[in-house]
Amino acid sequence: MGETPDREQMQRLDEADPLREFRDRFAIGPDPIAYLDCNSLGRPPKATLDRLHEVLDEEWAGRLIRGWTEGWTDLPTAVGDRLGATVLGAESGQVVVADSTSVNLFKLLHAAAGLRPGRSEIVIDDANFPTDRYLVTAVAEQRGLTVRWVTPDASGLTGETIEPVLSSETVAVVGCQADYRTGALADIAGLTELVHDAGALAVWDLCHSAGIVPIELDAVGADFAVGCTYKYLNAGPGAPAFIYVAARHLPDVRQPIEGWFGAEDVFAMGPTYEPATGIRRMLSGTPNVPGLVAVDEGVHLIGEAGLDRIRAKSIALTDLVTELADTWLTPAGAEVVSPRESVRRGSHVTVRHPEARSLTDRLIKQGVIPDFRNPDLIRLGLSPLTTSYVEAWDGLDMLRGIIAA
């Protein structure tokens, strides 16, 4: 960009932004001044708030139990198909929306072990998101498996990290497409191929990439994937997660929480469990209807905006924040730890500073909300549908002032 951009340049970028009208379709008030934690919780779409009122006032209050036969029962698969087609690059019948990321990952890990009997190891990196590490450890203990830990380098999870530990004993490799700390993007196509060469299964956590990076699960040959919907899909706190199972595995896959909604005939109430023939077998209990319609509205917005345009603005925003951090924050003792190459970076930029905790607290008090990660990281999460260039500039400017003070 040459000289460090000023605020007037940011205003001109906002005026020319092809996604500008989408920001007006979210409930955005004067507080905070800058919301830079979109990679933890997205803003609420106005359409979602209206749709939830409709569900509560008309469907629940008006139709009561009839709601299940009038559409609620099919929501996990119907919303899953739309999410798969719009966000995940998945043909119909391979995605359901239900439960949480943790519950869904638990299901997939057990399912993977069942598909690879006789193998003894699950591979995961020691920098992975905590719930992934905890669950891999727990499931390994339950299935009598061993965890093979690997340590990624500064560029994230790579083939050089994974390949040396792959063997005929590998059940599955669990990886995040976007590193939750730095935003570093993994090459899921290349890594999935390596995993398959060893006869193992690839399990991808897409929490920090779904809705922000074009994903082609079918094209890359992924086996399983999970992800949340409350970040860049803007479905709200605690919204149900998604689970992807490649069609080739569906006839044989079994999951450990065999509840009534995963049965072949949900309302048969039979004496024994018979799993559904398709992706519905990954369901367990009663679906969260308000959460599902919130996911549906978020997916609709992503589809309308287009992932290519979303990705283009994500790169522009993270490039801007990286440049401002280099210019304003690095001389004051901060360090950008996110990848420098745009194609290797998700939609958050992470800055390391020894006083990260206190800096974050002071920022929040002054109306700028970033995200702190132990021990010394400040994450700046940017959502192209809701984050303006002025908002990003103001947030970095406020951080600069606090560090200087």
Side-chain angles (χ1 to χ4, degrees), residues 39 101-102 104-106 108-113 116 119-143 145-210 212-213 215 217 220-228 231 241 244 337-339 341 343-350 352 371 373-377 379:
N39 56 324
T101 303
S102 297
N104 288 341
L105 182 58
F106 177 78
L108 288 183
L109 291 171
H110 274 286
R116 292 295 182 268
R119 294 187 171 218
S120 62
E121 297 179 350
I122 301 178
V123 176
I124 187 171
D125 61 285
D126 56 17
N128 208 306
F129 191 76
T131 202
D132 299 53
R133 291 184 279 110
Y134 303 160
L135 283 166
V136 164
T137 301
V139 172
E141 292 176 353
Q142 293 161 13
R143 305 285 303 211
L145 304 175
T146 299
V147 181
R148 286 296 299 268
W149 297 99
V150 296
T151 300
D153 57 28
S155 60
L157 200 61
T158 63
E160 289 74 15
T161 304
I162 294 297
E163 189 170 20
V165 302
L166 295 175
S167 74
S168 59
E169 292 299 317
T170 308
V171 171
V173 175
V174 180
C176 291
Q177 184 180 22
D179 187 297
Y180 83 100
R181 301 159 309 156
T182 67
L185 290 177
D187 173 15
I188 65 171
L191 290 173
T192 298
E193 184 177 1
L194 276 178
V195 172
H196 287 173
D197 287 344
L201 299 164
V203 182
W204 289 106
D205 181 334
L206 307 176
C207 285
H208 284 84
S209 55
I212 205 71
V213 177
I215 300 170
L217 290 179
V220 305
D223 299 292
F224 301 123
V226 295
C228 61
K231 301 182 191 295
Y244 164 90
V337 296
S338 296
E341 296 177 79
V343 295
R344 293 292 326 284
R345 187 174 61 228
S347 206
H348 66 271
V349 175
T350 302
R352 174 177 286 126
D371 186 43
R373 282 290 178 264
N374 278 317
D376 56 2
L377 301 178
R379 298 192 310 177

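Position 1 is the first residue of the sequence, and the numbers go up from there.
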Original post:
If you look only at pairs with a residue in residues 150-162, which of them pass as a side-chain hydrogen bond (donor to acceptor under 3.5 Å, both in side chains), with sequence neighbours excluded?
Top reply: Asp126-Thr151, Asp153-Ser155, Thr158-Glu160, Thr158-Thr161

Original post:
Are Leu185 and Val343 close enough that some pair of their side-chain heavy atoms sits under 4.5 Å apart?
Top reply: no

**OP:** Evaluate the side-chain proximity of Leu217 to Leu206: yes if any heavy-atom separation is below 4.5 Å, no if none is.
**Re:** yes

Original post:
Under 3.5 Å, side chain of Arg379 to main-chain N/O of Gly183, donor-acceptor pair present?
Top reply: no

Which side-chain N or O atoms in residues 164-178 pair as donor and acceptor under 3.5 Å with protein atoms at least two apart or in another chain?
residue : atom : partner : partner atom : Å
Ser167  : OG   : Glu169  : N            : 3.0
Glu169  : OE1  : Ser120  : N            : 3.4
Glu169  : OE1  : Ser120  : OG           : 2.6
Thr170  : OG1  : Ser167  : N            : 3.0
Thr170  : OG1  : Ser167  : O            : 3.2
Gln177  : OE1  : Ser209  : OG           : 2.7

Original post:
How long is the span from the CD atom in Gln142 to the CG atom in Leu135, to the nearest 0.5 Å?
Top reply: 9.0 Å

**OP:** Name all pairs fulfilling the ring-ring contact (aromatic ring centres under 6.0 Å, His included) condition that reach into residues 169-199, sequence neighbours left out, sorted by first residue then second.
**Re:** Phe129-Tyr180

Subject >> Polar side-chain atom of Asp223 near backbone of Ala202 as donor-acceptor pair, under 3.5 Å >> reply: yes

Subject >> Test side chain to side chain contact (heavy atoms under 4.5 Å, CB included) applied to His348 and Lys231, step by step >> reply: CA-CA 12 Å; His348 66 271; Lys231 301 182 191 295; over 6 Å; no

**OP:** With the side chain counted from C-beta on, respond yes when Leu105 and Asp205 share a heavy-atom pair under 4.5 Å apart, and no when they do not.
**Re:** no

**OP:** Spell out, as yes or no, whether a donor-acceptor pair under 3.5 Å connects the side chain of Arg345 to the backbone of Pro339.
**Re:** yes

**OP:** Could you grab the distance from atom CD1 of Ile162 to atom CD1 of Ile124, nearest 0.5 Å is fine?
**Re:** 9.5 Å

**OP:** Output yes when a side-chain donor or acceptor of Ser338 lies under 3.5 Å from a complementary backbone atom of Thr350, and no otherwise.
**Re:** yes

**OP:** Hey, could you give me each pair passing ring-ring contact (aromatic ring centres under 6.0 Å, His included) that has a residue in residues 146-177? Not counting sequence neighbours.
**Re:** none

**OP:** Over all heavy atoms of both residues, which pair between Gly159 and Leu191 is shortest? Give the atoms and the distance, please.
**Re:** N-CD2, 3.4 Å

**OP:** Tell me, please, which residues at least two apart from Asp179 pass salt bridge (Lys or Arg N to Asp or Glu O under 4.0 Å).
**Re:** Arg181

**OP:** Could you pull out the closest heavy-atom pair between Ile215 and Ala210, with the gap in Å?
**Re:** CD1-CA, 3.9 Å

Original post:
About how many Å separate OG1 of Thr101 and CG of Leu108, when rounded to the nearest 0.5 Å?
Top reply: 10.5 Å

Original post:
Mind checking what makes salt bridge (Lys or Arg N to Asp or Glu O under 4.0 Å) contact with Arg133, not counting sequence neighbours?
Top reply: none

Subject >> Heavy-atom pair with the smallest gap, counting every atom of Cys228 and Ala241 >> reply: CA-CB, 4.2 Å

**OP:** First locate atom OH of Tyr244, then atom CZ of Phe224, and finally report the distance between them rounded to the nearest 0.5 Å.
**Re:** 10.0 Å

**OP:** Please say whether more than 12 non-hydrogen atoms of neighbouring residues, nucleotides or ligands are located less than 6.0 Å from CD in Glu193.
**Re:** no

